[in-house]
Amino acid sequence: MPAKGPSRKSNLVLIGMPGAGKSTVGVVLAKRLGYDFLDTDVAIQAREGRRLQEIINQDGLAALRRIEEEVLLELRVTRTVIATGGSAIYSVAAMESLKRRGTIVFLDVPLKALLHRVKDMDTRGLIMDPGETFADLYQKRLPLYRRWAEVVIAGREISVEEMVSRIAAPLDSA
Ligand SMILES: Nc1ncnc2c1ncn2[C@@H]1O[C@H](COP(=O)(O)OP(=O)(O)OP(=O)(O)O)[C@@H](O)[C@H]1O
Ligand SMILES: O=C(O)C1=C[C@@H](O)[C@@H](O)[C@H](O)C1
Ligand SMILES: [Mg+2]
């Protein structure tokens, strides 16, 4: 976990499947740590002036992946909790840049819990191939999240507050 005070790795970068809690846990974590908060999905929508699903519907999956990679590569924040999109791990360049600038924290939530949480798959802006199920996405991505994770928070049935505490605890003693 990063040392206290601004440093090249003074950010916390949350990765994980859609529904893992990156946005929800991220904003609470930022407040708990006195950090700024950035949700890259929101940044993409603000930059493009349209929702993620509209980008996919109008320009396709590759367009959203390209835009997401550009947004992630442009980040120059410090002391910020960065909630990435579930598809961030598809860009090696973006993940290498994020890893230079922050500690990568994987919110490892089991598929069953994710399925209970994600009820808007058709409008959430998921980067899924035609015919791909959410379970297929989970199996495909799990090795990628694990590859980039520097910290893994197992999130079976723990609350937002407990996830925040488990991420923040090592920082308190740093
Ligand atoms: N620890 C938790 N326990 C129960 N529900 C949770 C928990 N964390 C998040 N949720 C709920 O799960 C849903 C998805 O959370 P959130 O939007 O933060 O996911 P995400 O990882 O940001 O997804 P995406 O990659 O699609 O942006 C929300 O309804 C949120 O309230
Ligand atoms: O996991 C995904 O493929 C995504 C989930 C969306 O919520 C966004 O985070 C993004 O558009 C892609
Ligand atoms: Mg999110």
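Just so it is clear, the values below take in all heavy atoms, side chains as well, and ignore hydrogens, waters and symmetry mates. The chain is numbered in sequence order, starting from 1. Note that the structure is a prediction, hence the values are computed from the model and not measured. Remember, it's 1-based here, ligands and their atoms both numbered in the order they're listed.
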**Study point:** Between R50 and Q45, a side-chain donor and acceptor under 3.5 Å
**Key:** no

Check your understanding: Can you list the atoms of ligand 1 that are under 4.0 Å from a heavy atom of M17?
Key -> 21 (O)

Point to revise | SB check R65 E70 (cutoff 4.0 Å) | key: no

Point to revise | Any N or O of V25 closer than 3.5 Å to N or O of ligand 1 | key: no

Check your understanding: So, is T84 placed with an N/O/S atom under 2.8 Å from the Mg ion (ligand 3), counting both backbone and side chain?
Key -> no

Exercise for review: Just do the side-chain hydrogen bond (donor to acceptor under 3.5 Å, both in side chains) check on E68 and S87 with the steps written out, would you?
Suggested key: CA-CA 8 Å; E68 181 175 48; S87 49; 2.6 Å; yes

Practice item. Nearest 0.5 Å please: distance from the CG atom of D59 over to the CD1 atom of I67. Key: 6.5 Å

Point to revise | N or O contact, G16 vs ligand 1, cut-off under 3.5 Å | key: no

Exercise for review: Have a look at ligand 1 and work out which part of R124, if any, has a heavy atom under 4.0 Å from it: side chain, backbone, both or neither.
Suggested key: side chain

Exercise for review: Could you name the protein residues that come within less than 4.0 Å of ligand 2, counting only heavy atoms, and order them by chain and residue number?
Suggested key: P18, D41, L52, L64, G85, G86, S87, R124, G125, L126, I127, R141

Practice item. With heavy atoms only and a cut-off of under 4.0 Å, state how A83 meets ligand 1: side chain, backbone, both or neither. Key: neither

Check your understanding: For ligand 1, which atoms have a heavy atom of P18 less than 4.0 angstrom away?
Key -> 23 (O), 24 (P), 25 (O), 26 (O)

Revision key, fill the gap. If we number the atoms of ligand 1 from 1 as shown, the ones under 4.0 Å from a heavy atom of A20 are 19 (O), 21 (O)

Check your understanding: With a 4.0 Å heavy-atom cut-off (strictly under), which part of D41 contacts ligand 1: side chain, backbone, both or neither?
Key -> side chain

**Study point:** Protein contact for atom 20 (P) of ligand 1 (heavy atom, distance under 4.0 Å)
**Key:** yes

**Study point:** Atoms of ligand 1 close to V160 [distance to a heavy atom under 4.0 angstrom, numbered from 1]
**Key:** 1 (N), 2 (C), 7 (C), 8 (N)

Exercise for review: Before signing off on this row, confirm whether M163 and ligand 1 have an N or O atom pair separated by under 3.5 Å.
Suggested key: no

Practice item. Return yes or no for this condition: an N or O of T84 is under 3.5 Å from an N or O of ligand 1. Key: no

Point to revise | ligand 1 contacted by E157 (non-hydrogen, < 4.0 Å) | key: no

Check your understanding: Hey, what do you get for CD (E150) to CD1 (I15), rounding to the nearest 0.5 Å?
Key -> 9.0 Å

